[in-house]
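Values reported hereafter were calculated over all heavy atoms of this structure, with side chains retained and with hydrogens, waters and symmetry mates removed. A, B, ... follow the sequence lines: proteins, then strands. Residue 1 opens every chain.
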Amino acid sequence: MAKVRVRFAPSPTGPLHIGGARSALFNWLFARHYGGELIVRIEDTDLERSAPEYEAMILDSLRWLGLDWDEGIDVGGANGPYRQRERLEIYRPFAAQLLSSNAAYHCFCSEEELEAERRALSAAGELPRYLGKCRSLTAAERERLCAAGRQPVVRFRVPEGRVLLVDDLVRGRVEFASDGIGDFIIVKSDGIPTYNFAVVLDDALMGITHILRGEEHLSNTPRQLLIYQALNFQVPEFAHISLILGEDRSKMSKRQGAVSVVQYREDGYLPEALVNFLALLGWSPPGEREILDRRELVSLFSLERVSKSPAVFNLEKLQWMNMNYLKNAPLSVIFELCLPHLVRAGLIEDRLSPGRRAWLEKVVDSVRAKLSYCAQATEVAAAFFGETAELADGDEEARLALAEKTAPAVISSLREKARQFAEWDEETVRQVLKEVGKELNVKGKALLMTVRVGVSGRSHGPDLTALLVLLGPQMAARRLDYALKNFLNREDD
RNA sequence: GGCCCCUUGGUCAAGCGGUCAAGACACCGCCCUUUCAAGGCGGUAACGCGGGUUCGAUUCCCGCAGGGGUCACCA
């Protein structure tokens, strides 16, 4: 097989989408697996929606995911430029060639006219399509229209009665009848090529051998095939990967939660986890292991194991996977990821004193095992912050613990003991807890759950010993005192 | 609506004519932990329907149904 050359060609109209990230990943895995090359280029022919900020964001997201490319934006290469807007001169002669070979023609219909045509057609119960009004304009007519100030578009003349065969690497042979395709626009009236035209030119000129992209492009493929043929370009291999669906089983969109990779990044997911998870959406490794690092993914990846059916994005599994990676991540990484969330939630100061920082590191360390993603830190570590802790609404287990008849005694006993310390360590806390239990003849849940609720107001939370140590005895005593008065309505024991 | 794709548990999925139909997430239970998680062990749960082909269909073929995509001077 000739050297594999694949590409990822996002359009900068928004941040990198989960679906786009998966396409990029598959292309990257494919290229790396076969020792080929990945090209990243930008499809910015939509002047209205494209923005340079998005381009930067997308590239940043790709890098964050750990994907690198051999040619294209930022890295250069022999086939540049890599932004379509900078390639306009390159496209021009091909449009001219199509025009002169009569494979394409100028169309002067205005958008309003076309819109009216579509409406009339569908009102008459027919399918809306371009009727080919300008298909056979004479030179004289064209000149008249031009003189009248009309800016024509260039339409591709779709031949009749042809069968277009897409030999897809994941879907097999897919046939389309050319009759179902209306003459489509390849150059807009402002002289900028449309996606279907530019993408073919770029792929052909850049020597792309395999096109791996989302299934939404499958029905575009016959149009592109027509252009390849008209221009005598070699047709690359296609592999259309099934879509990623939202919970409602429709194409993932904004309204179903986080869809951009920056969002996951901000929420404190690790790129390794997202990559691993995305790789498993639409592809499955041989064997039973699912936690696979980039190296393993590269060596295992193959198109044969890419699934044809669409996959629902399962956030819970991503969270589970991220938890796995979080477990093995160094504390410093997790700490940095948690920090902004804690600041934003108002739990900690913007600028930390060294002592405070050291304390906070211990806090994060004590809750890290409970985190599916770092944004959860504000919730999971909430117990460490604040002078008092309110009793959580709807926490039945907490109420049950307080309902224990020994609860008031446990709480006040610990309060008294805590008051005697200026600070305490893990050993001391264990010892004190043991004493309380012994004195009141309470142990297990009745002891520890009660203390947990008394000190934090809830039944779930960080490791109790760690919580007490890091809160410190004085704060613990005040919290317990508060619990006594407010949770148990006791002025004193 | 036309065209195209898809159809194994709630979700991701293995399977590529003969299996007690893997595994993972989630869920439930037990164990461990003097608490909460994590972890360990176990459990509930699936081949959309109807026709063929075949000695035998989850697997091959044809319908149907359902879901999705696409029909732009968006990509």
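Listed nucleotides: B:C73, B:U11, B:C36. Nearest to the side chain of A:N314: B:U11. Nearest nucleotide to the A:F176 side chain, out of B:C4, B:C74, B:U11: B:C4. You'll find that the side chain of A:R249 is closest to B:U11, out of B:U11, B:C73, B:C6. Distances from the side chain of A:R223 to the nucleotides B:A72, B:C5, B:C71 place B:C71 closest. For A:V174, counting side-chain heavy atoms from C-beta on, the closest listed nucleotide (B:A72, B:C4, B:A75) is B:C4. Checking B:C74, B:C73, B:A26 against every side-chain atom of A:I185, the shortest atom distance belongs to B:C73. Each of B:U7, B:A75, B:A24 was ranked by its minimum atom distance to the side chain of A:H217; first place goes to B:A75. The side chain of A:K434 lies closest to B:U34 when the candidates are B:A26, B:C6, B:U34. Of the candidate nucleotides B:A75, B:C6, B:U35, B:C6 has the atom lying nearest to any side-chain atom of A:P310. Listed candidates were B:U35, B:G23, B:A72. Nearest to the side chain of A:L448 is B:U35.
Between A:Y195 and A:H217, the gap from one ring centroid to the other is short of 6.0 Å. A:Y325 has its ring centre no less than 6.0 Å from the ring centre of A:Y373. Aromatic pair A:F26/A:W283: ring centres not closer than 6.0 Å.
B:U11 and B:C47 have their P atoms separated by 13 Å, given to the nearest Å. Remark: the separation of the C1' atoms in B:C73 and B:U58 is 48 Å, to the nearest Å. Nucleotides B:U44 and B:G51 have their P atoms positioned 31 Å apart, rounded to a whole Å. Separating the P atom of B:C25 from that of B:C6 is a span of 29 Å, rounded to the nearest Å.
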Checklist entry - What do the steps show when you test A:S366 against A:D463 for side chain to side chain donor-acceptor pair (under 3.5 Å), and what is the final call? => result CA-CA 7 Å; A:S366 77; A:D463 175 78; over 6 Å; no
Next on the checklist: Let's go through A:D248 and A:S250 carefully: what are the C-alpha distance in whole Å and the side-chain angles of both, what is the deciding distance for side chain to side chain donor-acceptor pair (under 3.5 Å) to 0.1 Å, and is it a yes or a no?
Outcome noted: CA-CA 6 Å; A:D248 66 354; A:S250 71; 3.0 Å; yes
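Rounded to whole Å, the distance from CD on A:E215 to P on B:U70 is 9 Å. Here the C1' atom of nucleotide B:A13 and the CG atom of A:L278 are 16 Å apart, to the nearest Å. Here the C1' atom of nucleotide B:A75 and the NE2 atom of A:H17 are 13 Å apart, to the nearest Å. Atom pair A:I411:CD1 and B:U35:P shows a separation of 18 Å (rounding to whole Å applied). Taking atom CG of A:L280 as the reference point, atom C1' of B:A14 lies 12 Å away to the nearest angstrom. Atom-to-atom, CZ of A:F184 to C1' of B:C74 comes out at 15 Å; the value is rounded to the nearest Å. Atom-to-atom, NZ of A:K317 to P of B:C27 comes out at 14 Å; the value is rounded to the nearest Å. A:L447 has its CG atom 8 Å from the C1' atom of B:U35, to the nearest Å.
Interface remark: the A:R49 side chain does form a donor-acceptor pair with the B:C74 base, using a distance-only criterion of under 3.5 Å. Side-chain atoms of A:S189 come within donor-acceptor range of the base of B:C73, with a qualifying N/O pair under 3.5 Å. Below the 3.5 angstrom threshold, one finds no donor paired with an acceptor across the side chain of A:D463 and the base of B:A37.
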Next on the checklist: For RNA chain B, please output the secondary structure as dot-bracket, reading 5' to 3'. Pairs are Watson-Crick or G-U wobble, both atom distances under 3.5 Å; mark crossing pairs with [ ], other-strand partners with |, unpaired with a dot.
Outcome noted: ((((((((.[[[..)..(....]]].(((((.......)))))....[[[[[..)....]]]]])))))))....
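Here A:E316 lies in heavy-atom contact (under 4.0 Å) with sugar-phosphate atoms only.
Within the structure, the side chain to side chain donor-acceptor pair (under 3.5 Å) test picks out the following pairs touching residues 181-191 of chain A (sequence neighbours left out): A:Y105-A:D183, A:R135-A:D183.
Although no hydrogens or angles enter the test, the distance criterion places a donor-acceptor pair under 3.5 Å between the side chain of A:S178 and the main chain of A:P159. Using a distance-only test at 3.5 Å, with no hydrogens or angles considered, a donor-acceptor pair links the side chain of A:N276 to the main chain of A:L292.
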Could you go over nucleotides 40-48 of chain B and give all protein N or O partners under 3.5 Å, atom names and distances?
none

Identify all pairs in which a protein N or O lies below 3.5 Å from an N or O of nucleotides 28-30 of chain B, and state each distance.
none

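With salt bridges taken as basic N to acidic carboxylate O contacts below 4.0 Å, none links A:K445 and A:E404. Ion pairing between A:R171 and A:E215 holds under the 4.0 Å rule for side-chain N and carboxylate O.
Heavy-atom neighbours of A:E426 CD from other residues, nucleotides or ligands within 6.0 Å: at or below the threshold of 12. Heavy-atom neighbours of A:E113 CD from other residues, nucleotides or ligands within 6.0 Å: above the threshold of 12.
Listed by chain and number, the residues in a salt bridge (Lys or Arg N to Asp or Glu O under 4.0 Å) with A:R479 amount to none (sequence neighbours excluded). When the salt bridge (Lys or Arg N to Asp or Glu O under 4.0 Å) test is applied to A:R173, no partner is found at least two apart in sequence or on another chain.
The phosphate of B:A75 (OP1 or OP2) has a side-chain N or O of A:K188 nearer than 4.0 angstrom.
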